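Reading through the structure tokens given below for one structure.
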Amino acid sequence: MAAKRKLAENPNSELIDFLHELADYEKNVSRMIHKYNAYRKAASSIAKIDHKIQSITDIKGLEGIGKKIAAKIEQYLSTGKIKKLETNRGDETGAAINQMTRVMGIGPAHANKLVHQEKIKSIDELRSHPKRDQLLNKTQLLGLNYLEEFEQKIPRDEIKQMEIILLREITAIDNQLRAEIVGSYRRGATASSDIDVLVTHPTVAKLPSLLHKIVETLTKQFHFITDTISVGDSKFMGVCQIDTSKLHRRIDIRVFPSEQYYCALLYFTGNDQLNRHMRIVAQEQGYKLNEYSIQKVGSTGTLSKPLPVTSERDIFDYLQMD
DNA sequence: CATTAGGT
DNA sequence: CCTAATG
């Protein structure tokens with residue numbers, strides 16, 4: 001009885017994927033955010049159908065399917081193809097734009113600029129471009145520099161080792177500090193794409209300076225943090241490396257006041273499905289749950305003060321889940 | 001959906 | 001201030 005684990009897939013998933021591909025092209029290459037949205041809503045609307053669409057009449061009048069999208073679906077139904085999609089796929093300018101976009105810090109806007117105004121067609125051209133240092137800002141340069149490393153997953157065992165260092169150094173700064181690595185690692189994943197650390201302190205009000213202190217010591221004394229992408233009052237984003245024989249990894253560190261810590265912990269541990277689920281049960285039980293707090297909802301719609309939470313357990317208790 | 005950088 | 005990019 002251990003045979004069926006893969007979840008039943010959507011009968012129209014191929015069509016849905018095509019629609020998403022069309023959507024992404026509009027958003028990243030053409031900069032047509034409305035077309036993008038149109039494809040998305042169309043896709044989500046067809047995603048609700050639970051049988052294989054055979055004729056266009058199966059979806060006529062469906063929400064979000066206008067004349068033009070309907071026409072594309074029609075051609076998909078007859079031939080297995082969509083002309084527009086094929087031509088998009090063959091567009092090498094589009095391909096170049098998508099390449100640029102692999103670099104952290106380069107989004108659609110910048111990618112378009114690089115390709116259109118600077119005529120850059122590939123990562124290699126970008127790397128060797130004479131004006132590279134002017135064309136890219138600091139984080140984009142980091143992204144370019146670590147491109148291949150960042151595309152590698154981080155094995156759980158490596159994260160385990162980092163966890164040890166992280167926790168010991170953080171608590172060495174102040175033994176009241178409490179920190180954990182969240183995200184897929186905390187869910188038990190065997191590899192993760194980055195490291196997400198949550199930190200809290202029971203008393204100190206000046207969390208920002210704590211964050212700075214942590215970042216500074218991890219940088220200067222241990223050289224665990226090798227680069228800073230951004231640091232603010234509550235969130236650090238950067239690069240770390242457990243030792244020089246290992247790859248550079250993306251790491252985020254965020255600080256929360258202790259009264260919000262567990263809601264944050266729950267939320268950042270995810271996954272998204274669980275989060276949505278929890279939010280809806282909260283709602284059903286007359287609460288409002290988010291990344292910072294859980295509060296009681298009065299029937300008039302008024303929210304109570306954030307309820308006291310001193311563990312993740314407390315949250316489940318409020319929601320009478322387990 | 002909120003947080004940061006950075007440009008104007 | 002806005003706009004871009006990350007998560």
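Lettering of chains follows the sequences in order, A, B, ..., and the numbering in each one begins at 1. Given the structure is predicted, the values throughout are model-derived calculations rather than measurements. What's counted below: heavy atoms across the whole structure, side chains too, no hydrogens, waters or symmetry copies.
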Got Leu166(A) and Val197(A) here, is their nearest side-chain heavy-atom distance under 4.5 Å?
-> yes

Could you label the plane-to-plane angle of the Phe268(A) and Phe256(A) rings as parallel, tilted or perpendicular, counting under 30° as parallel and over 60° as perpendicular?
-> tilted

side-chain hydrogen bond (donor to acceptor under 3.5 Å, both in side chains) partner of His248(A), chosen from Gln152(A), Glu149(A), Glu148(A) = Glu149(A)

Interatomic distance, NZ@Lys121(A) vs CG@Leu126(A), rounded to 0.5 Å, equals 13.0 Å

Give one of base, sugar-phosphate or nothing for Val182(A), where a contact means two heavy atoms less than 4.0 Å apart.
-> nothing

Given atom CG of Asn290(A) and atom P of dA2(B), what is their separation to the nearest angstrom?
-> 10 Å

To the side chain of Ser230(A), which of dA4(C), dA5(B), dT6(C) is closest?
-> dA5(B)

Take atom CG of Leu136(A) and atom P of dA4(C), then tell me their distance rounded to the nearest Å.
-> 17 Å

Looking at side-chain heavy atoms only, is the closest gap between Ser30(A) and Lys35(A) below 4.5 Å?
-> no

What is the distance from CZ of Arg250(A) to P of dT4(B), rounded to the nearest Å?
-> 14 Å

Nearest to the side chain of Pro108(A) - dG7(C), dA5(C), dA2(B)?
-> dA5(C)

Taking the side chain as every heavy atom from C-beta outward, state whether Leu77(A) and Gln75(A) have any atom pair closer than 4.5 Å.
-> no

Arg254(A) side-chain N/O to dA2(B) phosphate OP1/OP2 under 4.0 Å | no

Specify the separation, in whole Å, of atom CG of Asp233(A) and atom C1' of dA5(B).
-> 14 Å

Please state how far atom CZ in Phe268(A) lies from atom C1' in dT3(B), giving the value in whole angstrom units.
-> 10 Å

Please state whether the phosphate of dT4(B), meaning OP1 or OP2, lies under 4.0 angstrom from any side-chain nitrogen or oxygen of Thr228(A).
-> no

May I have the distance from Ile229(A) (atom CD1) to dA4(C) (atom C1'), rounded to whole angstrom?
-> 15 Å

Length of the CE-P vector between Met237(A) and dA5(B), whole Å | 9 Å

Give each protein N/O atom lying under 3.5 Å from an N/O atom of nucleotides 6-8 of chain B, with the pair distance.
none

Counting side-chain heavy atoms from C-beta on, which of dG7(C), dA2(B), dT4(B) comes nearest to Ser234(A)?
-> dT4(B)

Which of the following nucleotides, dT6(C), dA4(C), dA2(B), is nearest to the side chain of Ala109(A)?
-> dA4(C)

Out of curiosity, Asn88(A) CG to Lys83(A) NZ, how far, rounded to the nearest 0.5 Å?
-> 11.0 Å

Taking atom C1' of dG7(C) as reference, at what distance in whole Å does atom CZ of Phe236(A) sit?
-> 14 Å

